[in-house]
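Along the sequence shown, residues carry numbers from 1. Note: hydrogens, waters and symmetry copies are ignored here, and every other heavy atom, side chains too, is used.
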Amino acid sequence: VQLQASGGGLVQAGGSLRLSCAASGLRLRNYAVGWFRQAPGKEREGVSCIVPNDDDTDYIDSVKGRFTVSRDNTKNTVHLQMDSLKPEDTAVYYCALDYMVIPDTCALKFYEYDVWGQGTQVTVSS
């Protein structure tokens with residue numbers, strides 16, 4: 001099983017980026033998927049997640065109303081649409097998968113996740 005994160009880049013404050021997390025080796029829709037970020041000198045932080053086999057989602061307060069996580073089951077991919085980006089959103093972003101399937105549940109704790117993508121850099125300039 002592999003996860004491939006992509007879509008990062010350099011954007012000005014107020015701009016948008018869409019991150020993608022593509023999976024190989026399993027059907028991503030059957031599992032909870034989380035997005036995490038880590039800025040230099042800071043701990044890894046859970047940003048958003050989407051529950052298995054459904055579209056319910058969760059977000060940390062600082063991104064609510066600006067970020068949207070969604071599935072594209074035809075492409076075995078989960079996206080993170082990031083709008084109204086701020087300099088404090090600058091970090092390496094990771095997607096991750098939780099093998100333990102609990103209906104209607106996803107977590108924003110990194111230790112709940114079993115498989116990680118390689119990370120993609122997001123830099124927001126002021």
Side-chain angles (χ1 to χ4, degrees):
V1 175
Q2 286 189 325
L3 300 179
Q4 180 78 28
S6 62
L10 173 64
V11 64
Q12 289 187 333
S16 298
L17 286 172
R18 188 175 82 156
L19 305 185
S20 297
C21 179
S24 59
L26 48 64
R27 293 180 68 182
L28 201 56
R29 66 177 296 176
N30 295 336
Y31 300 92
V33 175
W35 283 98
F36 295 80
R37 65 186 180 188
Q38 189 164 19
K42 294 188 176 181
E43 294 185 351
R44 189 166 298 192
E45 172 183 52
V47 174
S48 178
C49 63
I50 187 164
V51 305
N53 296 306
D54 207 334
D55 295 324
D56 288 345
T57 57
D58 196 9
Y59 303 89
I60 55 169
D61 288 345
S62 61
V63 308
K64 284 181 180 177
R66 300 189 298 121
F67 289 12
T68 304
V69 61
S70 63
R71 294 186 183 274
D72 184 345
N73 294 326
T74 64
K75 296 182 179 179
N76 208 26
T77 297
V78 170
H79 298 294
L80 183 67
Q81 177 68 39
M82 306 187 296
D83 299 318
S84 303
L85 281 161
K86 304 176 181 180
E88 52 264 43
D89 295 318
T90 295
V92 178
Y93 283 70
Y94 301 87
C95 61
L97 176 150
D98 183 359
Y99 275 139
M100 181 172 289
V101 178
I102 302 174
D104 304 317
T105 301
C106 67
L108 293 176
K109 304 295 185 184
F110 71 90
Y111 50 77
E112 297 283 351
Y113 290 81
D114 305 292
V115 180
W116 291 80
Q118 84 286 6
T120 184
Q121 176 70 47
V122 171
T123 303
V124 184
S125 63
S126 57

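- Nearest approach of Thr77 to Ser20, heavy atoms of both residues: CG2-CB, 4.0 Å.
- Contact annotation: the side chain of Asp89 never approaches that of Met82 to less than 4.5 Å [non-hydrogen atoms, C-beta and beyond].
- The residue from Arg44, Glu45, Glu43 that alone fulfils the side-chain contact (heavy atoms from CB on, under 4.5 Å) condition with Gln38 is Arg44.
- A donor-acceptor distance shorter than 3.5 angstrom exists from the side chain of Gln118 to the backbone of Ala5, with no hydrogens or angles considered.
- When all heavy atoms are compared, the tightest approach of Leu3 to Ala23 is CD2-CB, 3.7 Å.
- Residues Leu17 and Leu85 share a closest heavy-atom pair of N-CD1, 3.8 Å.
- For the pair Asn30 and Val101, the minimum side-chain heavy-atom distance is 4.5 Å or more.
- Residues Leu108 and Tyr111 fall into different hydrophobic clusters, defined by Ile, Leu, Val, Met, Phe, Trp and Tyr side chains chained together at heavy-atom separations under 4.5 Å.
- At a threshold of 4.5 Å between non-hydrogen side-chain atoms, the residues Val63 and Arg37 count as touching.
- For the 3.5 Å distance criterion, the side chains of Thr123 and Gln121 qualify, holding a donor opposite an acceptor.
- The hydrophobic clustering, which links ILVMFWY residues whose side-chain heavy atoms are closer than 4.5 Å, places Phe67 and Val11 together.
- Using a 4.5 Å heavy-atom cutoff, the side chains of Ser6 and Thr120 are not in contact.
- A donor-acceptor pair under 3.5 Å links the side-chain atoms of Asp114 to the main chain of Tyr99, judged by distance alone.
- Looking at Tyr31 and Val115, their side chains never come closer than 4.5 Å, going by heavy atoms from C-beta outward.
- Using a 4.5 Å cut-off on side-chain heavy atoms (C-beta onward), Val51 and Cys106 make contact.
- The residue from Leu80, Ile60, Val33 that alone fulfils the side-chain contact (heavy atoms from CB on, under 4.5 Å) condition with Ser48 is Leu80.
- For the atom pair His79 NE2 and Arg18 CZ, the distance stands at 4.0 Å (nearest 0.5 Å).
- The two residues Asn76 and Leu26 come nearest to each other via the heavy atoms ND2-O, 2.8 Å.
- For the pair Tyr94 and Gly117, the tightest heavy-atom approach, listed with the atom from each and the gap, is CD2-O, 3.6 Å.
- Transitive grouping of hydrophobic side chains (ILVMFWY, heavy atoms separated by less than 4.5 Å) brings Tyr59 and Ile50 into a common cluster.
- The two residues Ala39 and Ala91 have their closest heavy-atom pair at N-CB, 3.8 Å.
- Under the 4.5 Å side-chain heavy-atom criterion for Ile, Leu, Val, Met, Phe, Trp and Tyr, Val92 and Leu19 are members of distinct hydrophobic clusters.
- Residue Phe110 qualifies as open at atom CZ: its count of foreign heavy atoms under 6.0 Å is 12 or below.
- We find that Asp61 and Lys64 are joined by a salt bridge, their nearest charged nitrogen and carboxylate oxygen being less than 4.0 Å apart.
- Taken from CD in Gln12 to OG in Ser126, the straight-line distance is 9.5 Å, to the nearest 0.5 Å.
- Ring geometry, Phe36 versus Tyr113: the interplanar angle exceeds 60°, so the pair is classed perpendicular (tilted spans 30 to 60°).
- Although no hydrogens or angles enter the test, the distance criterion places no donor-acceptor pair under 3.5 Å between the side chain of Thr90 and the main chain of Glu88.
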